[in-house]
Amino acid sequence: MDKKAVDQVVSVLANSRNTIVVTGAGISTEAGIPDFRGADGIYRKLGENKVMNIININAFNRDPEGFYEFYRQYFVFPPSEPGKAHRVLSDMEKKGRVKGIVTQNIDSLHERAGSRKVIAIHGTADRYVCRNRGCKEVYGDEYVNSCEGIVPFCEKCGSILKPDVVLFGENIKNYVEARDMIMGAQVLLVIGSSLTVYPLAGFVKEFSAFYQDLIIINKGRTQLDHAALVKIDGGHTGDTLEEINRQMDLRGY
Ligand code: NAD
Ligand code: ZN
């Protein structure tokens with residue numbers, strides 16, 4: 001572990017009244033959910049274009065069967081529990097060291113770890129919503145898995161169900177709230193994101209143009225490494241966060 005970088009992060013966080021965390025798929029790999037852009041990710045295996053062409057709202061509307069076949073094969077996550085990194089962030093929120101999280105993840109692991117102020121801009125994978133605007137009934141995994149056939153339908157009105165995740169071609173959820181939370185931060189801590197997916201990457205870029213206090217913990221390069229006050233690359237992210245939190249406990253911050 002890079003002790004010097006950890007010390008630097010501790011002193012930056014200690015002086016912050018409003019630390020906001022931005023997380024991407026990399027925070028959940030240690031909890032057993034693969035990312036897309038990492039070495040074994042599906043973007044490497046299948047190519048980004050193929051994924052974008054299917055995990056797309058137009059493809060969903062045109063060919064729900066084709067969509068669901070692909071989606072069920074590649075997008076349904078293995079059962080998992082929050083990892084150490086999720087748990088530490090939840091503890092840091094309780095201690096007032098973190099004020100909120102904006103996440104691109106759809107795995108609900110922050111919420112399940114006990115974090116309360118979470119904006120999940122890409123939605124939630126274990127929820128499905130009826131496409132009929134007059135109905136909008138919400139279902140969980142259990143119902144969808146019990147449906148016959150590959151495409152799940154609403155029990156109430158018979159319309160098709162869509163995973164409550166943001167597909168390519170759709171707007172993110174809580175755009176204004178997410179941007180406000182990030183732009184209002186004093187310190188922004190980015191964890192496990194390559195900062196290539198917009199608009200979130202754009203919010204972080206905008207933040208870094210006005211303020212200096214950007215910290216990045218990510219394996220591999222990100223689009224904003226040059227703008228970071230501290231970059232921690234490598235090691236076990238859960239352990240790194242645990243050490244940061246422990247140092248803050250010890251020093252009474
Ligand atoms: P991304 O672009 O944010 O990349 C993830 C980054 O995390 C990569 O740079 C990778 O090297 C890094 N990383 C991997 N393991 C790490 C670790 N242990 N510690 C620190 N960094 C680590 O995300 P993506 O994989 O390109 O996914 C794109 C989108 O797909 C996401 O925004 C999300 O909506 C969705 N997605 C969600 C999940 C999830 O909910 N867990 C998983 C995969 C993809
Ligand atoms: Zn319905």
Side-chain angles (χ1 to χ4, degrees), residues 1 21-46 48 51-52 55 71 74-86 88-89 101-113 118-139 143 152-168 170 172-173 178 189-201 204 215-225 231-241:
M1 194 179 302
V21 179
V22 166
T23 65
I27 198 170
S28 295
T29 54
E30 288 165 12
I33 300 178
D35 60 15
F36 290 172
R37 284 191 176 74
D40 303 322
I42 59 167
Y43 283 168
R44 297 274 175 96
K45 272 191 240 162
L46 304 174
E48 200 157 338
V51 179
M52 278 187 192
I55 301 303
Y71 187 82
Y74 294 108
F75 278 68
V76 175
F77 298 139
S80 43
E81 293 301 319
K84 190 187 275 182
H86 300 96
V88 172
L89 288 181
I101 300 175
V102 177
T103 187
Q104 293 191 335
N105 295 342
I106 52 178
D107 55 26
S108 307
L109 292 182
H110 286 304
E111 292 88 340
R112 285 177 51 207
V118 182
I119 302 181
I121 55 171
H122 289 173
T124 309
D126 54 13
R127 278 165 49 104
Y128 293 78
V129 184
C130 174
R131 289 292 275 168
N132 173 357
R133 282 171 197 274
C135 174
K136 286 199 168 173
E137 188 73 14
V138 174
Y139 295 89
Y143 171 80
F153 290 95
C154 178
E155 209 173 25
K156 285 200 167 162
C157 74
S159 298
I160 208 166
L161 303 184
K162 181 187 156 289
D164 196 19
V165 299
V166 174
L167 306 180
F168 289 104
E170 288 190 297
I172 65 161
K173 292 172 188 276
L189 172 59
V190 174
I191 307 169
S193 172
S194 59
L195 295 174
T196 45
V197 180
Y198 277 74
L200 185 67
V204 178
I215 298 168
I216 299 177
I217 301 178
N218 193 66
K219 281 199 178 137
R221 59 182 291 275
T222 81
Q223 296 299 316
L224 288 172
D225 286 351
K231 162 87 192 285
I232 297 182
D233 191 326
H236 185 279
T237 295
D239 288 349
T240 303
L241 287 172

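All ligand and atom numbering here is 1-based and tracks the order in the structure.
Using 4.0 Å as the threshold, Ala125 has no heavy atom nearer than that to any atom of ligand 1.
Of all the listed residues (Val22, Thr124, Asn105, Ile232), Asn105 holds the heavy atom that lies closest to atom 37 (C) of ligand 1. Of the listed residues (Gly24, Gly235, Ser194), the one carrying the non-hydrogen atom nearest atom 1 (P) of ligand 1 is Ser194. For atom 16 (C) of ligand 1, the nearest non-hydrogen atom from the set Gly26, Ala25, Gly32 comes from Gly26.
The nearest protein atom to atom 21 (N) of ligand 1, hydrogens excluded, is given as Lys219 N, 3.1 Å; this is a heavy-atom distance. Among protein heavy atoms, atom 15 (N) of ligand 1 sits closest to Thr29 OG1, 2.9 Å. Protein heavy atom nearest atom 33 (C) of ligand 1, with residue, atom name and distance: Gln104 O, 3.1 Å. Shortest contact from atom 40 (O) of ligand 1 to any protein heavy atom: Ile106 N, 2.8 Å. Ranking protein heavy atoms by distance to atom 24 (P) of ligand 1, first place goes to Arg37 NH1, 3.7 Å. Residue, atom and distance of the protein heavy atom nearest to atom 14 (C) of ligand 1 are Asp35 OD2, 3.2 Å. The protein heavy atom nearest to atom 41 (N) of ligand 1 is Asp107 OD2, 2.8 Å.
Side-chain atoms of Lys162 come within 3.5 Å of backbone N or O of Val165 as a donor-acceptor pair. For Thr124 (side chain) and Asp126 (main-chain N/O), no donor-acceptor pair under 3.5 Å exists by modelled atom type. Within the 3.5 Å criterion, the main-chain N or O of Thr237 finds a donor-acceptor partner in the side chain of Glu30. A donor-acceptor pair under 3.5 Å is absent between the side-chain atoms of Asp164 and the main chain of Tyr128, judged by distance alone. In this structure, the side chain of Asn218 does not engage the main chain of Ile191 through any donor-acceptor pair within 3.5 Å.
When heavy-atom distances to ligand 1 are checked against a 4.0 Å cut-off, Ile33 comes that close only through its side chain, counted from C-beta outward. In His122, the part holding a heavy atom less than 4.0 Å from any atom of ligand 1 is the side chain. Neither the backbone nor the side chain of Thr222 has any atom closer than 4.0 Å to an atom of ligand 1 (non-hydrogen atoms only). Residue contacts with ligand 1, taken as heavy atom pairs separated by less than 4.0 Å, involve Ser193 via backbone and side-chain atoms alike. Residue contacts with ligand 1 for Thr237 involve side-chain atoms from C-beta outward but no N, CA, C or O (heavy atoms, distance under 4.0 Å). Residue contacts with ligand 1, taken as heavy atom pairs separated by less than 4.0 Å, involve Glu30 solely via side-chain atoms from C-beta onward.
Less than 2.8 Å away from the Zn ion (ligand 2), the protein contributes these N/O/S atoms: Cys130 SG, Cys135 SG, Cys154 SG, Cys157 SG.
In this structure, CG in Leu224 is found 10.5 Å from NZ in Lys231, a value given to the nearest 0.5 Å. Distance check: Lys84 NZ to Ile27 CD1 gives 13.0 Å after rounding to the nearest 0.5 Å. Note that CG of Leu241 and CG of Leu189 are 6.5 Å apart. Values are rounded to the nearest 0.5 Å. Here the CD1 atom belonging to Ile232 is positioned 12.5 Å from the NZ atom belonging to Lys219, to the nearest 0.5 angstrom. Of the inter-residue distances, the one linking Leu161 atom CG with Glu155 atom CD reads 10.0 Å to the nearest 0.5 angstrom. Here Asn105 contributes atom CG and Phe77 contributes atom CZ; the two are 7.5 Å apart, rounded to the nearest 0.5 Å.
Phe36 and Tyr43 have their aromatic ring centers within a separation under 6.0 angstrom.
Residue Asn218 places at least one N or O, backbone or side chain, under 3.5 Å from an N or O of ligand 1. No N or O atom of Gly220 sits closer than 3.5 Å to an N or O atom of ligand 1. The shortest N/O to N/O separation between Phe36 and ligand 1 falls below 3.5 Å. For the pair Arg221 and ligand 1, the shortest N or O to N or O distance does not fall below 3.5 Å.
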Going through the checks in order, is the side chain to side chain contact (heavy atoms under 4.5 Å, CB included) test met by Cys135 and Cys154?
-> CA-CA 9 Å; Cys135 174; Cys154 178; 3.8 Å; yes
Could you go through Lys156 and Asn132, starting from their C-alpha distance and side-chain angles, then the distance that decides it, and tell me whether this counts as side chain to side chain contact (heavy atoms under 4.5 Å, CB included)?
CA-CA 10 Å; Lys156 285 200 167 162; Asn132 173 357; over 6 Å; no
Glu81 vs His86, test: side chain to side chain contact (heavy atoms under 4.5 Å, CB included). Steps then yes/no.
CA-CA 10 Å; Glu81 293 301 319; His86 300 96; over 6 Å; no
- [ ] Just do the side chain to side chain contact (heavy atoms under 4.5 Å, CB included) check on Leu89 and Ile101 with the steps written out, would you?
- [x] CA-CA 9 Å; Leu89 288 181; Ile101 300 175; 4.2 Å; yes
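The two atoms that bring His122 and Ile106 nearest to each other are O-CG2, 3.3 Å, heavy atoms only. Nearest heavy atoms, Ile33 versus Ser80: CD1-OG, 3.4 Å. Taking each heavy atom of Ala31 and Leu109 in turn, the nearest pair found is CB-CD1, 4.0 Å.
The distance from ligand 1 to the heavy atoms of Thr196 drops below 4.0 Å at these ligand atoms: 2 (O). In the vicinity of Phe77, heavy-atom distances shorter than 4.0 Å reach the ligand 1 atoms 38 (C), 39 (C), 40 (O), 42 (C). Interface of Pro34 with ligand 1, defined as ligand atoms under 4.0 Å from a residue heavy atom, comprises 42 (C), 43 (C). Every atom of ligand 1 with a heavy atom of Gly192 under 4.0 Å away is listed here by number and element: 3 (O), 5 (C), 6 (C), 7 (O), 21 (N). The atoms of ligand 1 that sit less than 4.0 Å from any heavy atom of Ser28 are 41 (N).
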